*Asks:* 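Sharing a structure, written as structure tokens. Questions coming.
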Amino acid sequence: MIDCLLITICWVIILDQLHFWEDFTSSVKSILTKGKFRNPINIKPFNCSVCMSFYCNLIYILIVGKFSIFMIGYILLLSWSAPVINSIFTLGKNLFLKLINIIANKFDL
């Protein structure tokens with residue numbers, strides 16, 4: 001069960017924190033249009049951490065052999081909580097940056 005949580009956290013980091021899909025599709029679109037367009041391509045399952053978390057966890061429990069109603073409910077709960085996990089990461093990042101600014105101001109860096 002912890003594996004499913006880690007899969008969800010990985011997708012939140014890749015898609016929401018690092019903005020990988022947006023950067024990748026912007027680059028591909030820019031190359032294909034020779035620099036005329038740079039906006040990202042939105043293909044729903046691939047640019048959504050909720051969708052990717054659900055589908056990857058579903059494939060994972062099918063491969064591992066833990067497919068049950070309980071596990072379906074668990075991965076639905078994890079997928080639904082992906083925005084909350086993203087908010088926790090954003091809060092942690094902002095607190096860390098605030099701490100760095102406080103330390104820099106104390107030592108006049």
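For the numbers below, each heavy atom of this structure counts, side chains included, while hydrogens, waters and symmetry mates do not. Numbers here are sequence positions counted from 1. Computed from a prediction, not measured in an experiment: that's the story for all the values here.
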*Asks:* State, to 0.1 Å, how close Met71 and Cys4 come at their nearest heavy-atom pair, and which atoms those are.
*Replies:* CE-SG, 4.0 Å

*Asks:* According to a 4.5 Å side-chain heavy-atom criterion applied to Ile, Leu, Val, Met, Phe, Trp and Tyr, with indirect links allowed, do Ile69 and Leu62 form part of one hydrophobic cluster?
*Replies:*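 Ile69 and Leu62: separate clusters.
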
*Asks:* Between Val12 and Phe89, which heavy-atom pair has the shortest distance, and what is it?
*Replies:*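 Between these two residues, the closest heavy atoms are CG1-CD1, 4.1 Å.
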
*Asks:* Do Ser79 and Thr8 have side chains that approach each other closer than 4.5 Å (heavy atoms only, starting at C-beta)?
*Replies:* no

*Asks:* Give a yes or no on whether the backbone of Val84 and the side-chain of Ser81 come within a donor-acceptor separation of less than 3.5 Å.
*Replies:*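 It does not hold such a pair.
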
*Asks:* Using a 4.5 Å cut-off on heavy atoms from C-beta on, say whether the side chain of Ile102 contacts that of Lys98.
*Replies:*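 Heavy-atom side-chain distance check passes, below 4.5 Å.
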
*Asks:* Using the rule that Ile, Leu, Val, Met, Phe, Trp and Tyr join whenever any side-chain heavy atoms are under 4.5 Å apart, tell me whether Ile63 and Ile75 fall into a single cluster.
*Replies:* no

*Asks:* What heavy-atom pair brings Val50 and Pro83 nearest, and what distance separates the two atoms?
*Replies:*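 Scanning both residues completely, I find the closest heavy atoms to be CG2-CD, 3.9 Å.
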
*Asks:* Verify whether one side chain among Asn86 and Gln17 offers a donor that lies under 3.5 Å from an acceptor in the other.
*Replies:* yes

*Asks:* Consider only side-chain heavy atoms of I, L, V, M, F, W and Y, link residues closer than 4.5 Å, and tell whether Ile14 and Leu58 are in one cluster.
*Replies:* yes

*Asks:* Taking the six-membered ring for Trp, are Phe24 and Trp21 parallel (under 30°), tilted (30 to 60°) or perpendicular (over 60°)?
*Replies:*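 Taking Trp21 first and then Phe24, their aromatic rings sit tilted (interplane angle of 30° to 60°).
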
*Asks:* Would you check if the side chain of Tyr74 reaches a backbone N or O of Met1 as a donor-acceptor pair within less than 3.5 Å?
*Replies:*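 Judged by distance alone, yes, a pair lies under 3.5 Å.
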
*Asks:* Could you tell me the separation between the CD1 atom of Ile59 and the CD1 atom of Ile7, rounded to the nearest 0.5 Å?
*Replies:*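 Result: 9.5 Å between the selected atoms.
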
*Asks:* Checking side chain to side chain contact (heavy atoms under 4.5 Å, CB included) for the pair Phe54/Leu76: CA distance, chi angles, key distance, verdict?
*Replies:* CA-CA 6 Å; Phe54 175 73; Leu76 282 171; 3.5 Å; yes

*Asks:* Apply the side chain to side chain contact (heavy atoms under 4.5 Å, CB included) test between Ile85 and each candidate in Ile13, Ile9, Thr90; give the one that qualifies.
*Replies:*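 When Ile13, Ile9, Thr90 are each tested with Ile85, the side chain to side chain contact (heavy atoms under 4.5 Å, CB included) holds only for Ile9.
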
*Asks:* Answer with yes or no whether the hydrophobic clustering places Phe67 together with Ile2; edges join I, L, V, M, F, W, Y residues whose side-chain heavy atoms lie under 4.5 Å apart.
*Replies:* yes

*Asks:* Side-chain contact, heavy-atom cut-off 4.5 Å: Ile61 with Ile72?
*Replies:*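 Of all side-chain heavy-atom pairs linking Ile72 with Ile61, at least one is under 4.5 Å.
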
*Asks:* Can you tell me how far CG of Leu6 sits from CG of Asn57, rounded to the nearest 0.5 angstrom?
*Replies:*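 These two atoms lie 10.0 Å from each other.
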
*Asks:* Taking all atoms of both residues into account, what is the closest heavy-atom pair of Cys56 and Trp11, and its distance?
*Replies:*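 Heavy atoms only, the tightest pair is SG-NE1, 3.2 Å.
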
*Asks:* Membership question, hydrophobic clusters at under 4.5 Å side-chain separation (ILVMFWY): are Leu78 and Ile88 in the same one?
*Replies:* no

*Asks:* What I'd like to find out is whether the side chain of Leu95 reaches to under 4.5 Å of the side chain of Leu91, using heavy atoms alone.
*Replies:* yes

*Asks:* Please examine the side chains of Met52 and Leu15, heavy atoms only from C-beta on, and report whether any two atoms are closer than 4.5 Å.
*Replies:* yes

